[in-house]
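Given the structure is predicted, the values throughout are model-derived calculations rather than measurements. Chain A is the first sequence line, chain B the second, and so forth, proteins listed ahead of strands; every chain is numbered from 1. Note: hydrogens, waters and symmetry copies are ignored here, and every other heavy atom, side chains too, is used.
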Amino acid sequence: MTSERYNPRESEPHWQKVWNENQSFALNEESEKPKYYVLEMFPYPSGRCHVGHARNYTMGDVIARFKRAKGFNVLHPMGWDAFGMPAENAAMQNNAHPKEWTYKNIESMKEQLISLGLSLDWSREFATCDPEYYHQQQKLFLDFLSKGLVYRKSSKVNWDPVDQTVLANEQVIDGRGWRSGALVEQKELTQWFFKITDFAEDLLDEIANLEGWPEKVRLMQSNWIGKSEGLLVRWALDEHTAPEGHSELEVYTTRPDTIFGASFMAVAADHPLAQAAAKDNPELQAFIEECRRMGTSVAALETAEKKGFNTGIHVKHPFDDSWTLPVYVANFVLMDYGTGAIFGCPSGDQRDLDFARKYELPVVPVVMPKDADAASFEIGDEAFTDDGVMINSKFLDGMTPQEAFDEVARRLENISINNREQGERKVNYRLRDWGVSRQRYWGCPIPIIHCDNCGVVHVPDDQLPVELPDDVTFDKPGNPLDHHPTWKHVNCPNCDSPARRETDTMDTFVDSSWYFARFTAPRAKTPTVRDLADHWLPVDQYIGGVEHAILHLLYSRFFARAMKETGHLSVTEPFKGLFTQGMVTHETYKSEAGDWIAPTEIDLKEEDGKREAVLKDTGKPVKIGSIEKMSKSKKNVIDLSSMSESFGADATRWFVLSDSPPERDVQWTESGIEGVWRFIQRVWRLVDDAKQILDNENIGPKAQMDAEDLLKSAHRAIDQVTDAYDNLRFNRAIAQIYELANAISKSMAKIKGDAAGDERKGLKFAIETLVKLSNPIVPHLTETCWAHLGQDTLLVDESWPEADQKYLTDDTIMLPIQVNGKKRAELTIAKDATKAQIEQAALSAEPIARMLDGNAPKKVIVVPGRIVNVVI
RNA sequence: GCGGACGUGGUGAAAUUGGUAAACACAAGGGACUUAAAAUCCCUCGCCCUAACCGGCUUACGGGUUCAAGUCCCGUCGUCCGCACCA
């Protein structure tokens with residue numbers, strides 16, 4: 001008799017040790033079983049794991065354990081996304097070296113992950129800051145460079161003058177550096193770029209085939225790539241007004257059909273024509289300066305008024321030599337999209353209309369709704385952007401905009417200006433090449449040497465990796481690699497004359513763009529081992545936060561393509577299945593003074609349905625705030641270890657998957673985890689009670705318990721839980737497991753220590769099923785239960801149970817009977833009853849007969865196995 | 001502004017994809033056991049009417065399609081997410 005409670009603090013470390021000794025999760029490369037690669041987005045080693053991490057890794061772990069039991073050879077590795085800013089910030093604040101800080105964090109987080117009981121093959125672990133890893137990344141960089149997939153160009157960046165570094169757009173808040181608070185400057189820097197735009201078309205096309213991805217993410221990627229089909233149109237400059245050396249203005253448009261509605265041209269402030277016009281026009285110069293300053297702030301962009309400056313330059317209309325249009329410099333035209341110049345058609349574009357009204361430019365409608373009257377159709381405050389029919393457009397009149405588009409394209413392609421076609425079809429993408437240079441220390445060094453004689457020189461293979469020096473200081477702003485007294489000074493590998501190392505390091509998104517491939521051969525002396533990568537990739541199920549829906553996933557898709565071109569892989573798409581899980585949230589608390597208070601510092605009570613919180617120490621009232629994503633600043637982070645210590649890893653794992661669908665946020669609550677704790681104890685008692693019954697050979701027959709019912713419950717649970725796991729619907733799986741547990745409880749209450757052979761068989765099967773179905777979520781508890789039931793195998797080695805079809809269907813079924821679509825009665829009838837039999841039985845059922853009151857129904861709809869609807 | 005998702009009890013949610021709305025759980029209330037507490041077990045729990053049965057209403061709101069709508073269509077309101085002057 002085990003009257004003791006289940007003690008996770010004893011059993012969890014025990015089973016972790018057993019699994020480890022048995023190498024239960026080490027991958028067998030020789031296995032003949034079908035492969036399954038499950039991967040969770042690897043963590044940044046910030047120092048501590050919270051229950052949000054637990055949710056992500058538990059989901060992957062449930063899939064991994066489930067697939068293993070179903071007979072797959074499962075690859076389930078873990079590593080660390082270990083380069084990045086926080087390590088340098090810690091270095092500056094706490095005088096800790098980024099390397100030591102990072103590896104120390106990895107150590108403590110690894111301990112936490114191990115205590116969660118994840119079925120990981122730890123022998124494949126690596127951190128992206130391991131020289132062995134970034135060594136291979138440097139090789140990839142050089143291979144890409146040789147293939148023309150990497151190039152250098154000068155581009156504008158957000159420059160923080162205090163921290164002396166480049167900032168990403170999201171690090172610029174209201175025009176200021178997020179850390180220093182300094183006004184961000186636009187600065188021209190020569191940077192390294194990956195040619196992701198080379199693959200724009202393919203990256204877009206293949207989205208259609210990513211059927212295992214959420215629709216939302218596919219859409220976000222499509223929008224991000226932003227394909228548009230349009231026309232380049234070269235407008236001749238009116239020679240009397242053209243600046244010296246300029247004879248045409250090339251614009252990009254997706255609406256060439258509206259060319260007769262054009263009333264002005266607009267160019268970006270940085271457009272060469274604007275520059276030329278500003279040469280001896282100080283007013284225009286001032287305007288251009290103003291446009292540039294506005295560039296960075298998001299808030300400014302939102303509210304900024306459309307402004308323009310008339311350059312005095314005119315262009316000639318391609319279809320009417322005598323028609324000239326003014327050229328403006330406009331603050332809403334972007335230099336790096338299209339050609340940095342547009343033609344404005346006020347009637348067909350809201351921005352152009354606003355602009356035209358402001359500067360009193362003509363507004364000629366060229367498209368009107370099909371049923372409108374051309375003579376009276378006018379544009380008011382709103383441009384007409386819908387489909388319709390062409391008007392006021394000479395030879396285009398009467399056409400649809402699409403026909404007009406093609407006609408204008410055809411005609412312009414046949415006119416030549418400055419010896420080139422005046423119009424040219426052109427596909428444009430919003431996607432830009434990926435700038436990867438960062439003026440940072442804690443990142444992968446770019447393996448390049450700059451030589452005055454030879455230019456850009458690859459670091460030779462035998463000199464890789466270019467390792468980060470350890471002896472760096474963070475006491476002044478800027479890049480420590482650049483300050484280092486000796487590191488950057490090397491001789492040119494070509495000509496041996498003094499040269500300089502590239503001191504920029506790579507964007508940390510590079511590190512995470514191929515780690516999934518590296519896991520297939522983590523210790524290889526090449527970036528991948530082709531056979532192994534081809535065998536394991538693509539990742540069958542990838543799991544992570546939706547915040548990576550665009551950049552990380554797009555970069556990884558680019559890397560797969562680039563690695564394919566350089567011979568490192570065969571797949572183009574790295575992730576077959578993608579799942580984006582919701583966050584774990586928690587209530588927030590604030591003191592009367594407005595300071596955030598941690599959940600551990602308060603006591604909660606509830607009176608008359610009103611919840612109140614007070615400070616544990618002082619008893620002072622605390623304001624209960626909104627439910628927020630866990631964050632250090634709001635102090636609502638629930639640490640993983642503290643939960644594991646009080647309730648166990650299994651309870652934590654169960655909680656984060658229960659109740660809420662996995663793609664949605666789940667709220668962490670005290671009462672919730674306590675409820676799970678009670679359930680864990682309940683399973684344990686249930687197993688122990690069952691064991692008492694099963695072990696007792698002397699109990700006699702008693703017909704109260706129907707073994708068939710229990711078998712049905714168990715088989716139905718197998719069927720439904722399996723389906724739920726297959727579709728990552730963990731909350732559904734949990735509900736089904738609860739139901740099975742309830743069914744077993746009920747049956748056992750009836751048995752009361754007196755069961756015959758059949759009943760015992762039913763109970764044995766049901767209780768073992770309960771244990772097996774729960775195993776992926778609560779592996780320690782179920783392993784303990786399995787052993788307690790007298791099994792001498794390990795549950796991790798057991799195969800997944802199969803539902804027996806014969807228990808899934810009944811001989812008789814219950815059919816709801818509706819009258820006029822509303823349920824009025826239930827009918828129990830043989831499964832194979834004919835429609836006529838069902839109809840007859842339905843009509844004579846008591847409440848139905850009463851409602852019919854002797855009259856014949858208008859109509860009876862019988863859907864066999866589903867429902868009966870009587871229309872009266 | 002453009003694009004997308006969503007809206008179901010006190011709460012988290014389920015609903016085989018057009019077929020019994022509210023499974024499962026949390027919270028709450030009542031009871032049993034106990035000297036007492038914890039733990040456990042049993043009962044109630046969408047709203048209205050009723051002593052109870054019976055009944056009526058109910059999936060943000062308004063309309064529609066259908067024998068039948070939480071599910072499909074149109075409109076309104078609200079919440080959340082992505083992009084943000086992309087020509």
Q: Taking atom C1' of B:rC24 as reference, at what distance in whole Å does atom CG of A:Leu657 sit?
A: 15 Å

Q: How many whole angstroms separate atom CE of A:Met583 from atom P of B:rC81?
A: 9 Å

Q: In whole Å, I'd like the distance from the OH atom of A:Tyr738 to the P atom of B:rA13.
A: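 From A:Tyr738 OH to B:rA13 P: 15 Å.
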
Q: Looking at the side chain of A:Arg685, which of B:rA68, B:rU20, B:rU40 is the nearest nucleotide?
A: B:rU40

Q: State plainly whether the residues A:Asp406 and A:Arg425 are in salt-bridge range, i.e. N to O under 4.0 Å.
A: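 Looking at A:Asp406 and A:Arg425, the cut-off is met.
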
Q: Can you run through RNA chain B from 5' to 3' and write each base as (, ), [, ], | or . depending on how it pairs? Watson-Crick or G-U wobble, both distances under 3.5 Å.
A: (((((((..(((......[....))).(((((.......))))).(((......)))..(((((..]....))))))))))))....

Q: Strictly below 4.0 Å: does A:Ser660 bring a side-chain N or O up to OP1 or OP2 of B:rA13?
A: yes

Q: Between A:Glu424 and A:Arg234, is there a salt bridge with N-O shorter than 4.0 Å?
A: yes

Q: Want to settle it: does A:Gln818 or A:Val666 sit nearer the 5' end of RNA chain B, counting the closest nucleotide to each?
A: A:Val666

Q: 5'-most contact on RNA chain B: A:Gly340 or A:Arg732, nearest heavy atom basis?
A: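 Final value for this comparison: A:Arg732.
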
Q: Measure the distance from NZ on A:Lys858 to C1' on B:rU66 and round it to the nearest whole Å.
A: 15 Å

Q: Taking OP1 and OP2 of B:rC80, is either one under 4.0 Å from a side-chain nitrogen or oxygen of A:Arg664?
A: no

Q: In terms of base orientation, is B:rG62 syn or anti, with the syn window spanning 90° either side of 0?
A: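 Anti, angle beyond 90° from zero.
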
Q: Using the purine O4'-C1'-N9-C4 or pyrimidine O4'-C1'-N1-C2 torsion, is B:rU44 syn (within 90° of 0) or anti?
A: anti

Q: Would you say B:rA23 has OP1 or OP2 under 4.0 Å from some side-chain N or O of A:Asn742?
A: no

Q: Any idea which heavy atoms bring A:Ala383 and A:Gly348 closest together, and the distance?
A: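 Reported closest heavy-atom pair: CB-C, 3.9 Å.
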
Q: Set out, line by line, the N/O atom pairs under 3.5 Å between protein and nucleotides 53-57 of chain B.
A:
residue	atom	partner	partner atom	Å
B:rG56	OP1	A:Arg824	NH2	3.3
B:rG56	OP2	A:Arg824	NH1	3.2

Q: What contact category does A:Glu826 fall into here, base, sugar-phosphate, or nothing, at under 4.0 angstrom with non-hydrogen atoms?
A: base

Q: Have a look at A:Arg729 and say if it touches a base, only the backbone sugar-phosphate, or nothing, with a 4.0 Å heavy-atom cut-off.
A: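 Sugar-phosphate, no base atom in range.
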
Q: Do A:Arg716 and A:Glu739 meet the salt-bridge criterion of a basic N to acidic O distance under 4.0 Å?
A: no

Q: Which heavy atom in A:Val367 sits nearest to a heavy atom in A:Phe384, and how many Å separate them?
A: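 Closest pair (atom of A:Val367, atom of A:Phe384, distance): O-CD2, 3.4 Å.
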
